[in-house]
Visitor: 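Below are the structure tokens for one structure; questions will follow.
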Amino acid sequence: MPLVLYNTLTRKKDVFEPLNPDRVGMYVCGPTVYDRAHIGNARPVIVFDVLYRLLTRLYPQVTYVRNITDVDDKINQRAKDSGEPISVITERTTKMFHDDIAELNAAPPTIEPRATDHINQMLTMIEGLIAKGFAYEAEGHVLFSVPSMKDYGALSRRSMDEMMAGARVEVAPYKRNPADFVLWKPSTPDLPGWDSPWGRGRPGWHIECSAMSGQYLGVTFDIHGGGQDLVFPHHENEIAQSVCANGAPFARYWLHNGYLMVEGEKMSKSLGNFFTVRELLEVAPGEAIRLAMLSTHYHQPFDWTADGLKQARATLDRLYTALRGVVDIPAAEVAAPIEVMAALEDDLNTPLAISHLHELAGKLNKAADTAAKARAKGLLLAAADLLGVLKQDPEAWFRWQPAGGGNGLSEADIEAAITARLDARKAKNWAEADRIRKDLAEQGVVLEDGPAGTSWKRV
RNA sequence: GGCCGGGUGGCAGAGUGGUGAUGCAGCGGACUGCAAAUCCGCGUACGUCGGUUCAAUUCCGGCCCCGGCCUCCA
């Protein structure tokens with residue numbers, strides 16, 4: 001089955017044909033490091049991690065570039081507010097970002113370039129744009145001249161007229177055209193800045209992605225991803241800069257994940273209804289957060305709810321329960337099941353892939369002999385690996401507790417209670433056995449009697 | 001106002017021109033000392049009004065509702 005991807009550029013599902021099948025390139029807009037990652041940041045990280053996993057199974061080499069934006073006015077503001085040096089803020093936030101998404105089983109990208117390490121490339125690009133007549137200097141700024149580009153607006157399907165009509169912000173006086181956007185702007189001494197032909201300044205928002213994608217993937221590359229909120233203006237402007245500077249096409253397939261809502265409402269800081277990834281990791285395992293995210297197709301709006309997280313956890317409980325029964329049986333070395341590959345190759349249909357996970361777990365539960373169990377286990381794990389879940393030992397999964405303790409029952413306490421209950425059961429003292437079980441249940445520990453003895457899990 | 005995405009059973013959420021999504025919840029059965037887990041079985045659906053068609057939840061159009069974006073910037 002060929003890989004098809006919904007391409008924002010064409011507004012339909014396109015068969016994916018890489019420029020060079022030996023080396024597929026993907027660029028995804030990464031975080032601006034001024035604050036903890038929230039669930040809105042986590043969605044593209046998880047979605048494109050799944051795409052990356054899929055691509056690595058389809059092509060021999062995949063170069064996945066995800067940038068770190070470490071120069072930005074939000075960072076400057078944060079530094080001004082807290083009095084901390086910018087580098088301290090960006091370093092710390094970058095580390096927290098890495099720590100957070102690692103718990104979501106997101107693989108590191110092949111290359112993670114930082115904007116401040118690529119100022120020279122940006123300057124070169126801006127100089128080229130000026131030389132070709134696509135950009136101009138004005139009052140220490142360098143602006144991209146939108147009317148100079150014929151196809152501007154192709155990605156977001158906006159016409160110049162529309163944008164003029166929609167303009168509701170006071171236009172800076174140095175702009176020749178209200179739609180022109182900043183490539184470079186002057187910095188005051190208290191702000192980060194670099195020497196440039198136009199004086200000391202700093203880059204505009206969009207130029208870094210053009211510069212870094214070009215350096216690591218080439219001027220024309222396969223896939224560019226990000227959140228739907230970036231289609232305009234960010235990605236539109238990236239295209240304008242890159243196409244005009246390079247005289248070549250830019251990204252060929254544009255993928256955008258849908259918006260994020262919380263309990264049915266738009267997620268926003270003013271409503272206060274957003275969660276950081278770290279906050280969620282305090283109350284649920286990373287895999288549950290990840291699976292919850294993947295339970296809605298990436299292109300759809302995603303509604304984050306407490307119930308959704310609970311359901312994702314229940315799903316993983318079911319899958320890990322199946323695996324728990326076969327811990328002693330090595331998984332067969334098998335390729336991911338065809339139906340799971342097919343689901344993901346159809347524009348990353350993760351909800352359908354998850355439904356197949358359930359079917360695979362059912363088959364594992366029903367497998368009669370060791371060979372069948374080994375094969376079913378292998379298939380389930382191979383399928384789950386594509387989605388980046390079921391990566392841990394089942395016992396570890398069932399013993400997960402919130403950071404900072406939880407119910408206070410140690411594993412030794414639990415084992416002791418189980419032993420005591422076993423004695424009661426041997427003596428057919430059902431009242432005592434049930435009392436112990438009930439007591440544990442009230443403290444969040446559920447017992448399950450099976451042929452191989454009693455197992456337990458925290459809920 | 002312009003542009004875009006969406007409205008599926010109690011809930012979440014795929015998909016399809018004519019049979020089954022899947023999971024959770026619910027109901028019945030097997031298993032169990034009783035449970036839990038597991039297995040077997042059951043039920044409920046496609047916003048609305050028209051059109052196309054032998055046949056529409058699926059295609060087309062109107063309407064209603066929901067969500068988002070609309071410039072370098074708070």
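Please read all numbers here as calculations on a predicted model, not as lab measurements. Convention: sequence-line order gives letters A, B, ...; per-chain numbering from 1.
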Visitor: What's the gap between B/rC63 and B/rG20 when it is taken at their P atoms, as a whole Å value?
Guide: 33 Å
Visitor: Between the base of B/rC34 and the side chain of A/Arg437, is one N or O donor paired with an acceptor at under 3.5 angstrom?
Guide: yes
Visitor: For B/rG10 versus B/rU16, give the span between their C1' atoms, rounded off to a whole number of Å.
Guide: 24 Å
Visitor: Answer with yes or no after comparing the ring centroid distance for A/Tyr253 and A/Phe16 against a 6.0 Å cut-off, counting only values under it.
Guide: yes
Visitor: In terms of side-chain heavy atoms of A/Asn237, which of B/rC72, B/rG5, B/rG23 is nearest?
Guide: B/rC72
Visitor: Taking CG from A/Leu230 and P from B/rU71, how many angstroms apart are they, rounded to a whole number?
Guide: 15 Å
Visitor: Expressed in whole Å, how much space separates the P atoms belonging to B/rG67 and B/rG29?
Guide: 45 Å
Visitor: Ignoring hydrogens and angles, does a donor from either the side chain of A/Asp434 or the base of B/rG33 sit under 3.5 Å from an acceptor on the other?
Guide: yes
Visitor: What's the CG-P distance between A/Asp303 and B/rG7, to the nearest Å?
Guide: 14 Å
Visitor: Can you tell me the distance, in whole Å, between the CG atom of A/Leu319 and the C1' atom of B/rU38?
Guide: 14 Å
Visitor: Map A/Trp205 and A/Gln228 onto RNA chain B by nearest heavy atom, then report which one ends up closer to the 5' terminus.
Guide: A/Gln228
Visitor: Do the side chain of A/Gln311 and the base of B/rG23 come within less than 3.5 angstrom through a donor-acceptor pair of N or O atoms?
Guide: yes
Visitor: Between B/rC39 and A/Asn365, is there an OP1 or OP2 to side-chain N/O distance shorter than 4.0 Å?
Guide: yes
Visitor: Quick one: label A/Arg202 by what it contacts on the DNA or RNA (base, sugar-phosphate, nothing), any heavy atom closer than 4.0 Å.
Guide: nothing
Visitor: Answer yes if the ring centres of A/His235 and A/His206 are under 6.0 angstrom apart, and no otherwise.
Guide: no
Visitor: Of all the choices, B/rA37, B/rC72, B/rA14, which nucleotide is nearest to the side chain of A/His297 once you look at every atom?
Guide: B/rA14
Visitor: Would you indicate what A/Lys185 reaches in the nucleic acid, counting non-hydrogen atoms under 4.0 angstrom: base, sugar-phosphate, or nothing?
Guide: sugar-phosphate
Visitor: Starting the side chain at C-beta, find the nucleotide from B/rC69, B/rG23, B/rA14 nearest to A/Pro351.
Guide: B/rA14
Visitor: With the side chain of A/Ala179 defined as its heavy atoms from C-beta on, choose the nearest nucleotide among B/rU71, B/rG23, B/rC72.
Guide: B/rU71
Visitor: Base, sugar-phosphate, or nothing: which does A/Gln300 touch, judged by heavy atoms less than 4.0 Å apart?
Guide: sugar-phosphate
Visitor: Counting only Watson-Crick or G-U wobble pairs whose two distances fall under 3.5 Å, which nucleotide matches B/rC46?
Guide: none
Visitor: Could you tell me how far apart A/Glu236 (CD) and B/rC4 (C1') are, to the nearest whole angstrom?
Guide: 13 Å
Visitor: Starting from C1' on B/rA36, measure out to CG on A/Leu440 and report it in whole angstrom.
Guide: 13 Å
Visitor: Given B/rG33, B/rC39, B/rU22, which nucleotide is nearest the side-chain atoms of A/Arg318?
Guide: B/rC39
Visitor: Answer with base, sugar-phosphate or nothing: what part of the nucleic acid does A/Asn349 contact at a heavy-atom distance below 4.0 Å?
Guide: sugar-phosphate
Visitor: Which listed nucleotide (B/rG33, B/rG67, B/rA37) is nearest to the side chain of A/Met261?
Guide: B/rG67
Visitor: Decide, applying a 5.5 Å centre-distance limit and a 30° plane-angle limit (both strict), whether A/Trp430 stacks on B/rG33.
Guide: yes
Visitor: Expressed as a whole number of angstroms, how long is the span from A/Leu155:CG to B/rU71:P?
Guide: 17 Å
Visitor: What I want to check is whether an N or O donor and acceptor connect the side chain of A/His234 with the base of B/rC72 at under 3.5 Å.
Guide: no
Visitor: Can you tell me which nucleotide in B/rC69, B/rC72, B/rG5 comes closest to the side chain of A/Phe232?
Guide: B/rC69
Visitor: Do the side-chain N and O atoms of A/Glu287 and A/Tyr320 include a donor-acceptor pair separated by under 3.5 angstrom?
Guide: yes
Visitor: Pick the P atom in B/rC31 and in B/rC40, then give their distance to the nearest Å.
Guide: 15 Å
Visitor: Go nucleotide by nucleotide along RNA chain B from the 5' end; which of A/Leu352 and A/Thr315 gets its closest nucleotide reached first?
Guide: A/Leu352
Visitor: Under 3.5 Å, is there a donor-acceptor pair linking the side chains of A/Glu238 and A/His234?
Guide: yes
Visitor: Determine whether the side chains of A/Thr305 and A/Asp307 contain a donor N or O and an acceptor N or O closer than 3.5 Å.
Guide: no
Visitor: Tell me yes or no: between the side chains of A/Tyr34 and A/Asn76, is some donor less than 3.5 Å from an acceptor?
Guide: no
Visitor: Give me the atom names and distance for the closest heavy-atom approach of A/Arg399 to A/Trp456.
Guide: CG-CH2, 3.3 Å
Visitor: Using a heavy-atom cut-off of under 4.0 Å over every strand shown, decide if A/Arg425 touches base, sugar-phosphate, or nothing.
Guide: base
Visitor: Distance check: side-chain N/O of A/Ser295 vs OP1/OP2 of B/rA12, anything under 4.0 Å?
Guide: no
Visitor: Between A/His299 (NE2) and B/rC69 (C1'), how many Å, whole number?
Guide: 13 Å
Visitor: Within the structure shown, what part of the strands sits under 4.0 Å from A/Gly258 by heavy-atom distance: base, sugar-phosphate, or nothing?
Guide: nothing
Visitor: Side-chain donor-acceptor pair under 3.5 Å between A/Glu208 and A/Asn67, yes or no?
Guide: yes
Visitor: So, for A/Pro203 and A/Met122, which heavy atoms are closest and what is the spacing to 0.1 Å?
Guide: CB-SD, 3.6 Å
Visitor: Return the nucleotide paired to B/rU22: Watson-Crick means purine N1 to pyrimidine N3 with N6-O4 or O6-N4, wobble means G-U with N1-O2 and O6-N3, both under 3.5 Å.
Guide: B/rA12
Visitor: Mind calculating the distance between NZ (A/Lys426) and P (B/rG33) to the nearest angstrom?
Guide: 15 Å
Visitor: Output the single nucleotide from B/rC69, B/rA14, B/rC72 whose closest atom is nearest the side chain of A/Tyr259.
Guide: B/rC69
Visitor: Paired with B/rG5 by Watson-Crick or G-U wobble geometry, both distances under 3.5 Å: which nucleotide is it?
Guide: B/rC66
Visitor: Ignoring the backbone of A/Ser355, work out which of B/rG33, B/rC72, B/rU22 is nearest its side chain.
Guide: B/rU22
Visitor: Paired with B/rG41 by Watson-Crick or G-U wobble geometry, both distances under 3.5 Å: which nucleotide is it?
Guide: B/rC27
Visitor: Give a yes/no answer on whether the side chain of A/Lys310 brings an N or O atom under 4.0 Å of OP1 or OP2 in B/rA12.
Guide: no
Visitor: Looking only at N and O atoms, is any donor in the side chain of A/Asp449 or the base of B/rC34 less than 3.5 Å from an acceptor on the other one?
Guide: yes
Visitor: Which part of the nucleic acid does A/Asp180 contact within heavy-atom distance under 4.0 Å: base, sugar-phosphate only, or nothing?
Guide: base
